[in-house]
Every structure is written in C-alpha cells, then in structure tokens.
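Labels below follow one simple rule: chain letters A, B, ... track the order of the sequence lines, proteins then strands, and each chain is numbered from 1. Just so you know, these numbers come straight off a predicted model, no measurement behind them.
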2 protein chains.
Amino acid sequence: MATINGCWFDVNLTRYGGRVTLPGYDPADFPPFAVTVDLVVLTLRGGELHVLLVERGAEPWRGHWALPGGFVRPDEGLDAAAERELAEETGVHDVPGHLEQLASYGDPGRDPRMRVVSVAYLALAPDLPEPRAGTDAAQAAWVPVVRAQREALAFDHARILADGLERARAKLEYSSLATAFCGPEFTIGDLRRVYEAVWGATLDPRNFHRKLTGVPGLLVDTGRTRTEGRGRPATVYRRGDVTTLHPPLTRD
Amino acid sequence: MATINGCWFDVNLTRYGGRVTLPGYDPADFPPFAVTVDLVVLTLRGGELHVLLVERGAEPWRGHWALPGGFVRPDEGLDAAAERELAEETGVHDVPGHLEQLASYGDPGRDPRMRVVSVAYLALAPDLPEPRAGTDAAQAAWVPVVRAQREALAFDHARILADGLERARAKLEYSSLATAFCGPEFTIGDLRRVYEAVWGATLDPRNFHRKLTGVPGLLVDTGRTRTEGRGRPATVYRRGDVTTLHPPLTRD
DNA sequence: TCAATAGTGTCTGTAAGACAGTATTGT
DNA sequence: ACAATACTGTCTTACAGACACTATTGA
C-alpha cells in the first residue's frame with residue numbers, strides 16, 4: 001500500500017516504468033502530476049471590475065502578471081486549498097463573497113517545467129484592501145479587467161481569466177450572485193452598478209428596480225435607508241433565502 | 001530542470017521532504033497526485049435516460065458500479081484523455097454527440113489508496129451499441145439513471161453523476177444540446193422525447209414545436225420526412241449554426 | 001432652485017401556456 | 001373509421017422594455 005512519505009516515490013518509480021494504463025487501473029501505477037489551484041478573484045473598485053493579479057518573480061514568465069494560486073497540500077481538499085490561497089493572497093481571513101470551482105486546465109506543456117494540472121476557482125468579493133506583496137519579491141495588485149485582458153498573462157491564465165469572466169457574466173443572469181460583490185447590506189443601486197460593471201452595459205434603473213424587488217424572497221428590507229452623495233436615500237437590503245432569478249435578467 | 005523520466009522522481013523526493021508550499025512556489029517542490037478522468041456518459045435507450053457504468057473487479061469497492069474512467073497519460077491533455085476513455089469504454093471510435101468538462105473532485109480520502117484528483121467529463125451520445133466488457137473481469141453496461149441513483153456507486157461517483165445530470169438538465173434549457181442525443185438527422189418529436197426523458201416531465205408537443213421551429217438558424221429542414229409507426233410523417237431536420245435558445249425553454 | 005438618485009405607474013410589443021382544429025399516416 | 005402523431009392558429013396572461021412622473025436628498 002502506498003503511503004504519503006518518501007518511500008512512496010520509489011514504489012511508483014518502479015511500477016510506472018514503461019507501463020501503459022488500462023481499464024481496471026491500479027492507482028499505484030499512476031503517472032504523477034502536480035496539482036495547483038489558480039484563482040480568478042473579481043471585485044469592484046470605483047465602479048470598475050478588477051481582478052487580483054501577482055507579478056511573477058521567477059522564471060518562467062518572470063515579470064509577467066499571473067493569477068494567484070499555489071499547490072494543493074497533500075491533506076487538504078480542492079475547495080479548502082482555494083479558500084486558503086484566497087485568504088493568503090488577499091491578506092483577509094474569511095473573505096466574504098462567493099467562491100466556486102471554475103474548471104481544470106491540464107494541457108501538457110502549459111508549464112514548461114513539468115506536468116501541472118490547475119483547478120481554477122472563481123471568487124467574487126466586495127472591495128478589499130490593497131493586497132500585501134507576496135513573501136517573495138512578487139507584488140500583488142488589483143488590476144482593471146480591461147487592462148488585465150490586454151496584458152500578456154503567464155501560462156494559460158488569459159484563457160482562465162476569460163472563462164471566469166464569462167462564468168460571472170452568465171451567472172448574474174439567473175442568480176443573486178451580484179450580492180457577493182457587496183457587503184452584507186446593499187441598495188438596489190449597488191446591485192445595478194455591479195451588473196453594469198460586470199456586463200459592461202447600462203441598465204434602466206427603473207426597470208431594474210422593479211425586476212429585483214419583484215422576486216419574492218430575494219431581498220430582505222432592513223427598514224433603514226442610506227444616502228450617498230446627492231439624491232433620495234435608498235432602501236437598504238440584505239440577502240434573502242431565494243438565490244435564483246426566475247425568469248432571468250437578460251443581457252442582449 | 002525536471003524532465004519526464006525516472007530521474008525526475010528523485011529530484012522531487014529530495015526537494016519535497018518536509019517542506020511546506022508557499023507563495024512563490026516552484027513546481028519542483030510539488031506534492032504529487034494521480035490525475036484521472038471520469039466520464040458521465042448519458043444516452044437515450046427506449047425513451048429512458050441511461051448512464052454508462054462499469055462494475056469494479058478489484059478492491060476497493062469491488063463489485064460496485066462505478067463511472068468509467070482512467071489515468072491521464074503523461075503526454076495527453078485532459079480533453080484528449082476524456083475522448084480516449086470515451087472511445088475505449090463505449091467501444092466506438094469517434095463517438096458522436098457532445099463532450100465537455102464537468103468539474104474536478106479531489107477530496108483527500110476519496111480513494112483510500114492514495115491521493116487522486118479526478119477531472120469529470122459529461123458526454124451525451126445517441127443510442128450506442130451495448131458496451132464491450134473491459135479487458136479485466138469488470139463488465140460495462142448501460143444502466144437506467146433512476147436505477148443508477150439507487151445503487152451504491154463507488155467512491156464519490158454518486159455525486160459526480162448527480163452533478164452531471166444537473167448540468168445536462170440545465171443546459172437543455174438554453175442550448176441545442178438535446179441534438180447531441182440524436183443522430184445527425186432528427187425530428188422535432190425526437191428532440192421533445194429527449195427533453196421529456198432528461199427532465200422527467202411531459203411537454204406540450206404543439207408549443208414545443210412552435211418554440212423550436214421559431215428560433216431562426218437552430219434547425220435546418222432537410223426537405224425529407226420520416227414516419228415512425230402511426231401518425232403523420234415528421235419533417236427531418238439537421239443541426240443549424242445557432243446553438244443557443246433565446247429565450248430559454250423553462251422547466252418549472 | 002437645480003441636479004441627482006430612488007422609486008412608482010403606465011403603455012406596448014412579444015412570448016409562453018392552453019388548447020381547438022387541420023393534415024397525414026398505419027391499423 | 002379510428003387512433004396516433006405532426007403541425008397551425010388563436011386566445012389569454014405575463015413580463016420586458018420604454019418612459020412619464022413623483023419623492024427625497026445635497027449643493
């Protein structure tokens with residue numbers, strides 16, 4: 001029986017040599033991979049959608065921007081690894097918002113050094129403080145998404161970012177995911193600005209208001225109001241139990 | 001620089017001992033995982049939704065049904081591994097239909113022998129011949145989905161199956177995915193029976209017909225008709241270029 | 001007062017769901 | 001003839017999109 005220690009490698013080395021995997025496989029015959037999690041962390045800063053990027057301090061892709069991420073540890077699950085990395089990279093414990101698995105990327109050659117399968121996660125968070133620099137020389141920063149898409153991101157991270165953006169845009173249509181970009185309390189206007197930033201479109205405030213307040217159970221009225229700058233104070237809501245929009249909002 | 005050969009293991013053995021991964025990671029410091037693909041292959045047989053399962057011939061979970069799958073080879077991508085496994089397990093080369101990544105599952109302990117990350121794929125195929133038995137003693141079979149869900153599937157395959165079914169059900173709402181269950185030519189009635197089998201609901205044939213024929217570019221009229229049993233012959237269609245249903249079909 | 005934002009009311013076009021009715025086959 | 005399936009037309013209701021209008025604040 002294989003165990004997680006040094007001896008383990010020798011077992012696999014001897015068994016793996018020249019063998020072709022077949023149905024009825026035995027995991028002791030496995031070709032080993034590195035498994036990492038990469039994070040697409042989106043937030044709203046100043047009405048503009050931003051993504052968390054780190055600047056690579058080592059080859060390959062030294063000096064290029066990359067999605068934050070790291071190895072899955074031997075004793076932790078994929079979701080737990082994503083949560084840990086999210087806390088580490090943002091510098092915030094128990095990051096509020098939303099975290100879900102996006103997809104896995106494992107083309108041979110995506111990392112020139114060795115075979116790496118990366119499980120990408122999508123995180124949506126309210127405006128967080130400026131990220132601290134990593135423990136090595138690499139710096140971390142919130143980068144406007146439109147600028148990130150023009151950069152030459154490391155590895156296949158441009159595609160992962162594109163997939164994450166598309167997932168976020170699609171899920172806003174039929175879910176209450178927009179609230180993940182806000183704090184625990186928010187106004188209808190806050191939500192509308194989320195949609196406008198993520199979709200890159202302008203929405204009619206009046207129809208948007210009627211639509212969202214018309215879904216029973218979606219929003220809970222706190223009874224309080226909030227005034228920001230000019231204009232009539234807005235009703236403050238909390239998340240309700242209902243998380244699906246039926247019928248969905250459309251982005252044409 | 002690590003390379004894919006025997007020497008490679010020694011490199012990792014020495015570097016991995018006792019080290020904790022940190023940001024600014026180096027893939028040479030990786031904790032190794034086995035990476036597999038598991039397949040949720042759905043098809044329609046006799047108007048009922050079936051899933052392809054294999055009976056395990058070895059411990060653990062010997063004698064239990066499991067989703068087909070196998071190791072990703074060192075030189076192939078994840079999608080390629082899924083395509084290869086699909087062809088191997090069904091016994092059909094170039095399986096028609098649809099294949100997409102579903103999600104990845106990597107809880108520690110999901111395989112008691114060692115750490116395995118499985119990248120699950122969802123495949124939709126027209127009715128295929130009875131699968132051949134595997135090269136080992138394990139047998140493969142099309143199992144009605146309702147029965148598969150009552151079985152104690154191996155590992156975490158019950159959850160993977162549930163996720164695959166939910167993905168298929170959701171995607172039927174807003175895509176032309178139902179055509180993946182049919183051959184290259186099909187009738188509106190064929191498509192309706194796909195929806196009814198996957199959703200487990202009955203649909204109004206008249207509104208369904210009007211809805212699907214009303215989406216421009218979705219269906220291409222071959223000009224021919226097909227008669228099955230009693231009733232007026234149905235127009236035969238092929239897939240069109242349009243693959244999204246706007247607005248979507250609803251399953252309430 | 002004016003500008004800005006929040007929220008309500010109303011109209012119109014479109015589409016979903018229900019279902020009557022016609023068309024074309026096998027038995 | 002009758003049953004079964006394919007397809008068409010029509011009616012009602014609901015909702016999206018457009019936009020006039022009222023409400024409440026800061027400057």
Counterpart residues, ring-ring contact (aromatic ring centres under 6.0 Å, His included), relative to F208(B) (two or more places apart): Y195(B)

Taking C-beta and beyond as the side chain, do R159(B) and L161(B) meet within less than 4.5 Å on heavy atoms? no

Under a 4.5 Å cut-off applied to non-hydrogen side-chain atoms, are L128(A) and W142(A) in contact? yes

Relative orientation of the end axes in the helix from dT1(C)-dA27(D) to dT27(C)-dA1(D), expressed as an angle to the nearest 10° (five pairs per end): 0°

State whether the distance check finds a donor on one side and an acceptor on the other, under 3.5 Å, for side chain R230(B) versus base dA4(D). no

Interatomic distance, L191(B) CG vs dA6(D) C1' [rounded to whole Å]: 14 Å

Does any residue of [range] have a heavy atom under 4.0 Å from DNA chain D, and if so, which ones, in number order?
range: residues 212-224 of chain A; result: none
range: residues 233-246 of chain B; result: P233(B), A234(B), T235(B)
range: residues 174-182 of chain B; result: none

Residue list, salt bridge (charged side-chain N to carboxylate O under 4.0 Å, His left out) with D79(A), at least two apart or on another chain: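 Residues passing salt bridge (charged side-chain N to carboxylate O under 4.0 Å, His left out) with D79(A): none at all.
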
Electrostatic pair R167(B):E100(B) at N-O distance under 4.0 angstrom: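 Yes, R167(B) and E100(B) are salt-bridged.
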
What does R192(B) touch in the nucleic acid at a heavy-atom separation under 4.0 angstrom: a base, only the sugar-phosphate, or nothing?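 Contact class for R192(B): sugar-phosphate only.
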
Identify whether any heavy atom of P247(A) sits under 4.0 Å from a base atom; if not, whether one sits that close to sugar-phosphate; answer base, sugar-phosphate or nothing. sugar-phosphate

Compare side-chain N and O positions of T227(A) against OP1 and OP2 of dA6(C) and report whether any pair is under 4.0 Å apart.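 No.
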
If you assign each of G231(B) and T250(B) to its closest nucleotide in DNA chain C, which residue comes earlier from the 5' end? T250(B)

Using the side chain to side chain donor-acceptor pair (under 3.5 Å) rule, take T179(A) and R239(A) through it: C-alpha gap first, then chi angles, then the decisive distance, then the call. CA-CA 7 Å; T179(A) 61; R239(A) 285 173 259 271; 3.2 Å; yes

